[in-house]
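Naming: A, B, ... by sequence-line order, numbering from 1 per chain. The basis for the numbers below is simple: all heavy atoms, side chains too, and nothing from hydrogens, waters or symmetry mates.
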Amino acid sequence: MNATAPSGHFIRQIIDADRAAGRHGGRVITRFPPEPNGYLHIGHAKSICLNFGMAREFGGRCHLRFDDTNPITEEAEYVGSIQRDVAWLGFDWGEHLYFASDYFDRMYRWAEELIRRGKAYVCTLTPEEFKAYRGVPSRPGKPSPWRDRPAEESLDLFRRMQAGAFEEGAYVLRARIDMASPNLHMRDPVIYRIRKASHHRTGDRWNVYPMYDYAHCLEDSIEGVTHSLCTLEFEVHRPLYDWLLDALELFHPQQIEFARLNLSYTVMSKRKLLELVREGKVAGWDDPRLPTLCGLRRRGVPPAAIRAFCDRIGVTKYESLTDVALLEHCIRDELNRTAPRRMAVFNPVRLVLTNVGEDEVLTCEAINNPEDPEAGSRTLRFGRDLLIEADDFLEDPPSKFYRLGPGRAVRLRYAGVVRCTGFTKDEAGAVTEIQAELDRDGSIEADPATPRIRATIHWVSGRDAVEVEARLYDRLFTVEDPAGEAAETEAEAEADTSADYKRFLNPDSLRRVTARVEPSVTDLPPGASVQFERTGYFCADPEDSRPGRPVFNRTATLRDTWARKATQK
RNA sequence: UGCCCGAUGGUGUAACGGUAGCACGACAGGUUCUGGCCCUGUUAGUCUAGGUUCGAAUCCUAGUCGGGCAACCA
């Protein structure tokens, strides 16, 4: 191990090497360049963490830049939501908030310069002809008859395109590169097209708009971006990125591609997410079952958990499918440290402490978070009538079941030991009430006749418990790779055109239940996380909670080795 | 079909020509007033075939498999 030994993922290594070589004076400037035409999801979080992370790590900066070059799909509404999500994730772009549309004037002038240099021309081919001339990957394309149009003529046409003299589609501006290139993107790609739509920022000022390939490298260059990180599908665009910057002799950032994130049991494509929302398969973009950042936020996933997750998945050029269990682990890990504990009973059965008086009020101290001494404790009231989880009592328990059963003893969390003395059932055979004695002086626990106490169960006071709504969320799909599986089933080459992934929607992805909670739970503000002991992490829904009446979203269950064992056989 | 990219336990990743390691998961045990957390252990991997080398996950060649590219989207 020496100081120059490579370490970390390949992008960090590249940046390290660049700095060591003194490129850009050791400066690191990155950017996160979303198109404002949809909501951010956890796949974007990977990119955000990478870009902002590299900048922070190397003492540079990261820009937030809206890539708003297509007025017909982009809306101002998304600009706000994207900023909110990036900030929520914990990143700060400072003053460096940019819009591609702010560079339209410069881009336009560079386009004219390209024409003057004989490196671009206005083409009059129809879209159909354009396709035919471009050819297929295995065979070279044919030059457009307009390829050698004099610069003066192209210049004039281009200016009239912008002046609004032509209909959409009548003309395009193309870079003059190589119609025989095996890379289709180099076969005289379109760099400007006519669009008579109103832009969310520039209004009706422009009639021509730059294409991604033309615009993006210029945006990066203008901002002095040193490392332009993007996903793998842009790999074939890189030669064009480089060509344009060289043709205009501009500052030349380096484009580096990495694999996008795929997560099991969900879908990540903008199109599919939109479809689920539009068709009402979920309640909206912020449905807690969605991998959108607003969905995860509403579900109660802490931003720190997402950052930890993004740290652990790594950065490579290999297209993988990350197990959602890793995300869940990061969520539990964070919430275990930070979420206060409370008790809630979801499927109640009455527990009567026969040796406690009708009006007697007992109290006990409950620790708010065993992982965080600072969190302190609270006082719990209880009496003769309690509610416990129906699952915690078995009429005829197997030996490995440590909870309550006839004659058995368990510990009530913080309240003491109880021994079951009897139970009653209804006509249907369901247990309706359990009788037990509270070990008020330690004699029951000391009694050699009492079976060893191995379990602690949670409870709420029958008299004090408050009913709240809880939403139990589970994975949205029943299969690991709904998109892939659907495509395979349909024998579809075009996975993205398949609607069949909806076949794998989990019908039980949301269950609404009523929970009985200890009174202090109603004080939790919207958005607050809590662990209901032995059950899971929940979050007071930011939208539907009312003062004193929180609604809880289940963020994640607790690991439950008993449940796993029980279902195993 | 042409070009480009990739391939390490079930999953995600590390190694940069010199002992294949970490995390998640699964399994077993310990601990515990949460069958949580924590701790210990087990499981299991270099796509194939050649080549270079004292030595290859790593370099080379070929193949296999997977992905990308043929919007006036980004």
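The phosphate of rC72(B) (OP1 or OP2) has a side-chain N or O of Arg134(A) nearer than 4.0 angstrom. Residue Thr316(A) places at least one side-chain N or O closer than 4.0 Å to OP1 or OP2 of rU13(B). Taking only side-chain nitrogens and oxygens, Arg193(A) comes nearer than 4.0 Å to OP1 or OP2 of rC73(B).
Judged purely by distance below 3.5 Å, without hydrogens or angles, the side chains of Tyr212(A) and Glu219(A) never pair a donor atom with an acceptor atom. Side-chain atoms of Tyr133(A) and Asp188(A) form no donor-acceptor pair, as typed in the model, at a separation below 3.5 Å. Under 3.5 Å, the side chains of His63(A) and Glu223(A) contain a donor-acceptor pair of N or O atoms.
rA71(B) adopts a syn glycosidic conformation, its chi angle falling within 90° of 0.
Picking from rG2(B), rG68(B), rG12(B) the nucleotide with the shortest atom distance to the side chain of Tyr318(A) gives rG12(B). Closest to the Lys317(A) side chain, of the nucleotides rG2(B), rG6(B), rA71(B), is rG6(B). Considering only the side chain of Glu533(A), rU34(B) comes nearest among rU13(B), rC24(B), rU34(B). Of the candidates rC69(B), rC73(B), rC16(B), the closest approach to any side-chain atom of Asn70(A) belongs to rC73(B).
Taken residue by residue, residues 168-180 of chain A places heavy atoms nearer than 4.0 Å to RNA chain B at Gly169(A), Val172(A).
Within 4.0 Å (heavy atoms only), Ser320(A) reaches sugar-phosphate atoms of the nucleic acid but no base atom. Residue contacts shown for His216(A) are absent, as no nucleic acid heavy atom lies under 4.0 Å away. If you check every strand for non-hydrogen atoms under 4.0 Å, Arg413(A) touches a base. Within 4.0 Å of Lys270(A), counting heavy atoms only, lies no atom of the nucleic acid at all.
For the pair Arg201(A) and Phe99(A), the distance from NZ or CZ to the six-membered ring centre is under 6.0 Å and the angle to the ring normal is within 45 degrees.
Stem analysis of RNA chain B (Watson-Crick or G-U pairs, both distances under 3.5 Å, runs of at least three) returns B:2-7 with B:64-69, B:10-13 with B:21-24, B:26-30 with B:38-42, B:47-51 with B:59-63.
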Between the protein and nucleotides 35-39 of chain B, list the N/O to N/O atom pairs that are separated by less than 3.5 angstrom.
| residue | atom | partner | partner atom | Å |
| --- | --- | --- | --- | --- |
| rG35(B) | OP1 | Thr456(A) | O | 3.4 |
| rG35(B) | OP1 | Arg534(A) | NE | 3.4 |
| rG35(B) | OP1 | Arg534(A) | NH1 | 2.7 |
| rG35(B) | O3' | Thr561(A) | OG1 | 3.1 |
| rG35(B) | O2' | Thr561(A) | OG1 | 3.4 |
| rG35(B) | N7 | Arg403(A) | NH1 | 2.3 |
| rG35(B) | O6 | Tyr402(A) | N | 2.8 |
| rG35(B) | N1 | Lys400(A) | O | 3.0 |
| rG35(B) | N2 | Lys400(A) | O | 3.3 |
| rG36(B) | OP1 | Thr561(A) | OG1 | 3.2 |
| rG36(B) | N2 | Asn336(A) | OD1 | 3.4 |
| rG36(B) | N2 | Arg341(A) | NH2 | 3.4 |
| rG36(B) | N2 | Glu371(A) | OE2 | 2.9 |
| rC37(B) | OP2 | Arg559(A) | NH1 | 3.0 |
| rC37(B) | O2' | Asn336(A) | ND2 | 3.0 |

Would you list the protein and nucleotides 64-67 of chain B atom pairs, both N or O, that sit under 3.5 Å from each other?
| residue | atom | partner | partner atom | Å |
| --- | --- | --- | --- | --- |
| rG67(B) | O2' | Glu319(A) | OE2 | 2.4 |

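Residues satisfying the ring pair (Phe, Tyr, Trp, His ring centres under 6.0 Å) criterion with Tyr537(A), sequence neighbours excluded, are absent altogether. Scored by the side chain to side chain donor-acceptor pair (under 3.5 Å) test, Ser320(A) finds no partners at all (sequence neighbours excluded).
Look at CZ on Phe258(A): it is 15 Å from C1' on rC5(B), rounded to the nearest Å. What separates CZ of Arg187(A) from C1' of rC69(B) is a distance of 11 Å, to the nearest Å.
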Step-by-step salt bridge (charged side-chain N to carboxylate O under 4.0 Å, His left out) determination, Arg475(A) to Glu328(A): CA-CA 11 Å; Arg475(A) 18 194 83 157; Glu328(A) 287 164 356; 3.3 Å; yes
